[in-house]
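Notes to accompany the following structure.
FYI, side chains are in, hydrogens and waters are out, and symmetry mates aren't considered; it's all heavy atoms of this structure. Quick note on labels: first sequence line is chain A, next is B, and so on, each numbered from 1.
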2 protein chains.
Amino acid sequence: MNVLEQIQLNLNKLSRSERKVADAILASPKSAIHSSIATLAKLADVSEPTVNRFCRRMDTKGFPDFKLHLAQSLANGTPYVNRHVEESDSVEDYTNKIYEATLASLDRSRQMVDTATINRAVDILTQSKQISFFGHGASAVVAQDALNKFFRFNVPVQSFQDDLMQRMSCINSSDGDVVILISHTGRTKSLVELAMIAKENDATVIGITATDSPLANECNLVISTEIPEDTDLYMPMASRIGQLVIIDVLATGFTLRRGSKFRDNLQKVKQGIKESRFNKLLDK
Amino acid sequence: MNVLEQIQLNLNKLSRSERKVADAILASPKSAIHSSIATLAKLADVSEPTVNRFCRRMDTKGFPDFKLHLAQSLANGTPYVNRHVEESDSVEDYTNKIYEATLASLDRSRQMVDTATINRAVDILTQSKQISFFGHGASAVVAQDALNKFFRFNVPVQSFQDDLMQRMSCINSSDGDVVILISHTGRTKSLVELAMIAKENDATVIGITATDSPLANECNLVISTEIPEDTDLYMPMASRIGQLVIIDVLATGFTLRRGSKFRDNLQKVKQGIKESRFNKLLDK
DNA sequence: ACTATTTGTGTAATTAAATTACACAAATGT
DNA sequence: ACATTTGTGTAATTTAATTACACAAATAGT
């Protein structure tokens, strides 16, 4: 796959002239991708066909194709890595680290997301009488965001931050109601209790939480979010970003499932908001 | 840097024929890097020079150079391109599109973030008597999240969703107070008014909003978030994710600046939360 | 509304690049 | 030492990319 590794690997299987080509490329791969076969041949002190043969030997179709592969190998420079913020970090340092950590976390959750579960959740949501979103702390924010999104759809939806309100809501829930519980760790006691109460009252409980957590075990359906080893002191919780995107996905699936009549409504809401804004054409 | 983003960005600045080329490439970037200028021209139904001109417009030296850049863009795992959600999309389709759109948006804002401004904002925050976070709709969620974060630091911080409360708070603000206003478009009337009120009362106003917007013009300091072309019906607002990360960065900068005594406090808060959770060792 | 100018687009010619064919040289094996 | 394989370069050929130019469309200015 990776051409640079490929070169490295077959280095001693090459002939003398081809070896010269390999050395020239390895010495400065960045400049190699911008040279023509002629300049590279000159640089390696071999003939042009030799360079071409070398490329073929590296399992590429020819010199241009080889350059393409080489470019791709070089591009995989910075895979989003979780580097922790340190006390001595400059603004640039910690800003970059936080962005990278967030990107890494999102990328990981993208790879982990189970679309079958998503689909099942959308199923349940579209058939529900009422939807409730509950969470605490950072997850309360996510619940609030979800409320915001689903509220536009003109469906019965609610979200409370207050524990008592949450409990009352769950106690009053019944068959056809959906309760979505959001928790990063899945260990928040009150949320686990909410799940139990809601289930007792025949509501469907969906958890956006860590797999195999106490909360997950009480849910009818779990959209699992990966939980990183241990969040250190400075690092902000990237997890809530992942939760938000899952809300986005659910909301989108919901809209698509509900059909066209529904989307007219969405458009109407968007239009309605416009009046509270400065017109784009008028300013300046 | 990234050619795919470059294409996406200049999409509406292209002529009709060049747009066809852009569409053809975006439709299948992987196959594009393996085609010659002739096949690509045929695919896009334009002439070869048009393809070449398109490449030049994307700040590359020519077609081969363009392919090189494209290859590099593709190599970074996945092409984070904003492909719009369509009615016919499957679960996998829209899930992927949303994740990619979010990742793309985050990646872009990472490149655009101005650390000097961040530093300035952290300066102001650390020296403030009180911090207020205000926003509406999706941005209210971000304000809430910010409250959540800064509250842990044991500094005077507040956030209201209610417009009247926000106004009263700004009216009562004074020198040394910081008001952080969050708005995606920067055109929300009430927020612009808040900025004016707060400024009149000598508070420092920081905006997390679009550059050159009415709101931005009223702020003492603007942390600018890019504003994408036009958000379509299905696509969720990836912008709030970017805003959240900026909050993360500010909070981190704030902690680092405040020194070690401060961080003990953070640890204490983290410890305090633990009691509301199921112990990791006890369950199962 | 018509003309001038700019801007965009394709055809054909040109140039540059890469590949192939072939010949010779070096190395290896008999 | 000779035959055969393998490697390498020169020159020819092919292919791809670019440039030059002409025409068409759109825009702006009488």
**Q.** Residue pairs passing the salt bridge (Lys or Arg N to Asp or Glu O under 4.0 Å) test where at least one lies in residues 53-68 of chain B, sequence neighbours excluded
**A.**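 Passing the test, one end in residues 53-68 of chain B: B:E18-B:R57.
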
Q: Using a cut-off of 6.0 Å, state whether more than 12 heavy atoms not belonging to B:R120 lie near its atom CZ.
A: no

Q. How about B:K199: does its NZ atom have over 12 heavy atoms from other parts shown lying under 6.0 Å from it?
A. yes

[X] has an atom [atom1]; how far is it from atom [atom2] of [N], in whole Å?
X: B:N52; N: C:dT14; atom1: CG; atom2: P; value: 18 Å
X: A:K67; N: D:dA17; atom1: NZ; atom2: C1'; value: 12 Å
X: A:H34; N: C:dA17; atom1: NE2; atom2: P; value: 15 Å

Q. Taking the six-membered ring for Trp, are the ring centroids of A:F54 and A:F63 within less than 6.0 Å of each other?
A. no

Q) Once each nucleotide of nucleotides 7-16 of chain D is scored for protein heavy atoms under 4.0 Å, what B/S/- sequence comes out, 5' to 3'? A) SBBB------

Q. What distance do B:Q166 atom CD and B:I197 atom CD1 have between them, rounded to the nearest 0.5 Å?
A. 10.0 Å

Q | Distance test, side-chain N/O of B:R56 to OP1/OP2 of D:dA17, below 4.0 Å | A | no

(Q) Tell me whether B:S105 contacts the main-chain N or O of B:A101 through its side chain, where contact means a donor paired with an acceptor under 3.5 Å. (A) no

